[in-house]
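Taking it in order: structure first as structure tokens, then the write-up.
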Amino acid sequence: MERTGDHEIRNVRSRRVKRKYLSVLLALGPVVALFFVVGLFAVLCPAEFLTAYNAKTIITQSVIVGIGALGMTIVIISGGIDLSVGSQIALCTVVVASTLNQLAGSHGQPVGPGMALMAAVSGIGVCAVCGLANGFVSTKMRIVPFIVTLGMMQIARGAAKWLGREQTVRPPPNILQNLMLVEPRQSWMLVAVGVWVSLILIVGLAMALRYTVFGRRVFAVGSSEQT
């Protein structure tokens, strides 16, 4: 007869194997869903969907969400959450566009690279202040990040609507617009400049999380904040 100890060992091994396969399925789930969606559109409208220009368009449109997801990756790994990212992106774009309009004056003349850089820095600075406020209130005042970032989401969204006067803010011609051109002016780049910028940021963040003290601390805090 089989001993009880051997039976328990087999059960433990079986549960480990099941958990391993389950973790693999959970990891591959988004990839499988993505291939399903791509396959569905490829069958429904192949003439429009299966083109190089459409692929470039999809990649270009994913740049903004992808760059926002980089910061969210650090937050999630550290065990936190931030609901205000989308509203901060909206606020940043409104600030940049409004600054460009102010720099261009009433005639709407094209602005130079220096002015465009100033506008970009102003938008990034506003979002940095929002992030600093989120972090300060969450850590120093001991308020749950979910509540803090939920409030910041409403504040940033309201500020964006107030600055834009509930309308789309259209900036004058500027060099920043070239970052999101589906067909870049330099044909050798193949895709928009923003795509290459996002790829550089992805590689930089991956290396920072893996090879720097900051990255190890982020994982450590996410594993056990008290420890």
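A quick note: this is a predicted structure, and the numbers were derived from the prediction, not measured. Index from 1, following the sequence.
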With distance as the sole test, does [X] use its side chain to make a donor-acceptor pair with the main-chain N or O of [Y] at under 3.5 Å?
X: Lys140; Y: Gly135; answer: no
X: Asn54; Y: Phe49; answer: yes
X: Thr99; Y: Ala119; answer: no
X: Ser198; Y: Val195; answer: yes
X: Thr149; Y: Leu83; answer: yes

Mind running side-chain contact (heavy atoms from CB on, under 4.5 Å) on Met72 and Asp82 for me, showing each step along the way? CA-CA 7 Å; Met72 182 62 72; Asp82 190 346; 3.9 Å; yes
Counting neighbours of [atom1] on [X] that are heavy atoms of other residues, nucleotides or ligands and sit closer than 6.0 Å, is the number greater than 12?
X: Lys56; atom1: NZ; value: yes
X: Met180; atom1: CE; value: yes
X: Met189; atom1: CE; value: yes
X: Ile202; atom1: CD1; value: yes
X: Gln102; atom1: CD; value: no

Point-to-point distance, once rounded to the nearest 0.5 Å, from [atom1] of [X] to [atom2] of [Y]:
X: Ile89; Y: Arg157; atom1: CD1; atom2: CZ; answer: 9.5 Å
X: Leu190; Y: Ile59; atom1: CG; atom2: CD1; answer: 10.0 Å
X: Leu117; Y: Asn174; atom1: CG; atom2: CG; answer: 11.5 Å
X: Leu100; Y: Ile175; atom1: CG; atom2: CD1; answer: 11.5 Å
X: Tyr53; Y: Ile58; atom1: OH; atom2: CD1; answer: 12.0 Å
X: Gln88; Y: Met152; atom1: CD; atom2: CE; answer: 6.5 Å

Could you tell me whether the side chain of [Y] reaches within less than 4.5 Å of the side chain of [X], counting heavy atoms only?
X: Cys127; Y: Leu91; result: no
X: Ser138; Y: Ile143; result: no
X: Gln154; Y: Ser87; result: no

Applying the 4.5 Å side-chain criterion to the ILVMFWY set and letting contacts propagate, would [X] and [Y] be lumped into a single cluster?
X: Val85; Y: Ile76; value: yes
X: Val75; Y: Leu150; value: no
X: Val96; Y: Ile67; value: yes
X: Ile155; Y: Trp162; value: no
X: Phe214; Y: Leu70; value: yes

Take Leu205 and Leu201 through the test side-chain contact (heavy atoms from CB on, under 4.5 Å) and record every step on the way to the result. CA-CA 6 Å; Leu205 177 61; Leu201 293 176; over 6 Å; no
Audit row: Val193, Asn178, side-chain contact (heavy atoms from CB on, under 4.5 Å) steps and yes/no: CA-CA 7 Å; Val193 179; Asn178 298 335; 5.9 Å; no
Show, in sequence, the C-alpha distance, side-chain angles and deciding distance for Ile74 and Ile77, and conclude whether the side-chain contact (heavy atoms from CB on, under 4.5 Å) test is met. CA-CA 5 Å; Ile74 301 176; Ile77 291 176; 5.9 Å; no
Closest non-hydrogen atom pair, Ala97 against Val169: CB-CG1, 3.5 Å
Shortest non-hydrogen separation from Val94 to Gly164 and the atoms involved: CG1-N, 3.9 Å
Would you mind telling me which of Val32, Val38, Val31 makes a side chain to side chain contact (heavy atoms under 4.5 Å, CB included) with Leu34? Val38
